[in-house]
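In this chain, numbering begins with 1 at the start of the sequence shown.
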Amino acid sequence: MVTAAQAWQDVARIREASPLVHNITNHVVMNTTANALLALGASPVMAHAPEEVEDIVALSGALVLNIGTLDAPWVEAMLKAGACAKARGVPVVLDPVGAGASTYRTTTALALAAGSGPAVIRGNASEVMALAGSVATTRGVDSVHATSEAEAAAQGLTRAYGCAVSVSGPVDIIVSAGATTRVGNGHPLMPRITGLGCTASAVTAAFVAINPDAHAAAAHAMVVMGVAGEIAAARCGGPGTFWPQFLDALHGLTEADLETRLRVRDA
């Protein structure tokens, strides 16, 4: 059972330890995800040159593999970094951005899943369904399926890769062997901000860096994302002012915020 106290304990650990989170991510969100990690209390590094990724992985508490803007050198770097992380026991968060939109994108995500042994696969419903081989369509990086439709696919990925699967949506679903958690926190403005899904993957990596229980770490990450989103939405005037308020909410998050806002149930 996810509790506010447990989620807060992980936030406090992140702020104390400032884990290094290695992000091989897309052009669109590098600045966004780095700032979110800093606001949370983690330490981001954005390094994608194949010549150095193994060195950076060796220093890191977690690795994010995000396929948002693919090209051959970045795929090489991600495969190399993922294999290194697996060998060293560094937890990996795989974000299969836009899986299902093209064969190249889907096969790359599958290769990364097989080669990196991810602790968490985190994506929207359509991405998770495409990765699991379910019938799914995507509209670019946007989901056209509800999270509830992806639950069986998430369970299949859990069995295939031995990982937790975090499916984002109005109600986030986190699935692992024998456990399902539903997080109802968040706000309708959040999908209107570029890169918040990618931010969720980076934040999840900060949590898996300090919590070896991948399911709990993924659930706590989505709780924190959702609560910060609610606080930001209450303070902002729209999408243009949401993002700075979101960073402030992450930075200023308190245990009381989690206690008063937590909306979680275990299936």
J.: In chain order, what residues pass the side-chain contact (heavy atoms from CB on, under 4.5 Å) check against Ser18, with sequence neighbours excluded?
T.: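 Here the qualifying residues are Ser43.
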J.: Decide whether Val97 and Leu196 are clustered together by the hydrophobic rule: side chain heavy atoms of Ile, Leu, Val, Met, Phe, Trp, Tyr closer than 4.5 Å, transitively.
T.: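 Val97 does not cluster with Leu196.
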J.: Go through the structure and list residues passing side-chain contact (heavy atoms from CB on, under 4.5 Å) with Arg15, not counting sequence neighbours.
T.: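 Result, side-chain contact (heavy atoms from CB on, under 4.5 Å) vs Arg15: Trp8, Val11, Leu253.
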J.: Sequence neighbours left out, what pairs pass salt bridge (Lys or Arg N to Asp or Glu O under 4.0 Å) with at least one residue falling in residues 66-92?
T.: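 Counting only pairs at least two positions apart or across chains, no salt bridge (Lys or Arg N to Asp or Glu O under 4.0 Å) contact touches residues 66-92.
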J.: Taking the side chain as C-beta and beyond, is there a heavy-atom pair between Thr25 and Met30 under 4.5 Å?
T.: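 Yes, their side chains come closer than 4.5 Å.
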J.: If hydrophobic clusters are built by linking Ile, Leu, Val, Met, Phe, Trp and Tyr wherever their side-chain heavy atoms come under 4.5 Å apart, do Val93 and Val175 end up in the same one?
T.: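 No, no single cluster joins them.
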J.: If you look only at pairs with a residue in residues 75-106, which of them pass as a ring pair (Phe, Tyr, Trp, His ring centres under 6.0 Å), with sequence neighbours excluded?
T.: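 Residue pairs passing ring pair (Phe, Tyr, Trp, His ring centres under 6.0 Å), neighbours aside: none found.
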J.: Which residue pairs satisfy the side-chain hydrogen bond (donor to acceptor under 3.5 Å, both in side chains) criterion with at least one member in residues 209-230, sequence neighbours excluded?
T.: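 Sorted result for residues 209-230: Asp10-Asn211, Asp10-His220, Ser176-His215, Thr181-His215, Asn185-Glu230, Glu230-Arg261, Glu230-Arg263.
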J.: Answer yes or no: is there an ion pair linking Glu151 with Arg182, defined by an N-O contact shorter than 4.0 Å?
T.: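 A salt bridge is present here (some side-chain N lies under 4.0 Å from a carboxylate O).
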J.: Which atom names give the shortest non-hydrogen contact between Ala42 and Val21, and what distance separates them?
T.: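 Closest heavy-atom pair between Ala42 and Val21: CB-CG2, 4.4 Å.
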J.: Cut-off 3.5 Å, no hydrogens considered: what does the side-chain donor-acceptor table look like for residues 44-64, sequence neighbours left out?
T.:
from	atom 1	to	atom 2	distance (Å)
His48	NE2	Trp74	NE1	3.4
Ser60	OG	Ile56	O	2.7

J.: Test: salt bridge (Lys or Arg N to Asp or Glu O under 4.0 Å). Region: residues 188-210. Which pairs qualify, not counting sequence neighbours?
T.: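 As it turns out, there is no salt bridge (Lys or Arg N to Asp or Glu O under 4.0 Å) pair with a partner in residues 188-210 once direct neighbours are skipped.
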J.: Can you list the residues that meet the ring-ring contact (aromatic ring centres under 6.0 Å, His included) rule with Phe242, with sequence neighbours excluded?
T.: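 For Phe242, the residues satisfying ring-ring contact (aromatic ring centres under 6.0 Å, His included) (neighbours in sequence not counted) are Phe246.
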J.: Please enumerate all residues that pass side-chain contact (heavy atoms from CB on, under 4.5 Å) together with Ala214, with sequence neighbours excluded.
T.: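 For Ala214 the side-chain contact (heavy atoms from CB on, under 4.5 Å) partners, ignoring immediate neighbours, are Ala119, Val120, Ala164.
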J.: Other hydrophobic cluster members with Val29, side-chain heavy atoms of Ile/Leu/Val/Met/Phe/Trp/Tyr under 4.5 Å, chained?
T.: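 Other cluster members: Val28.
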J.: By the side-chain hydrogen bond (donor to acceptor under 3.5 Å, both in side chains) test, which pairs, at least two apart or in different chains, include something from residues 241-257?
T.: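 Found Thr254-Asp257.
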J.: With sequence neighbours left out, what residues match Ser201 under side chain to side chain donor-acceptor pair (under 3.5 Å)?
T.: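 Ser201: side chain to side chain donor-acceptor pair (under 3.5 Å) contacts with Asp95, Arg122.
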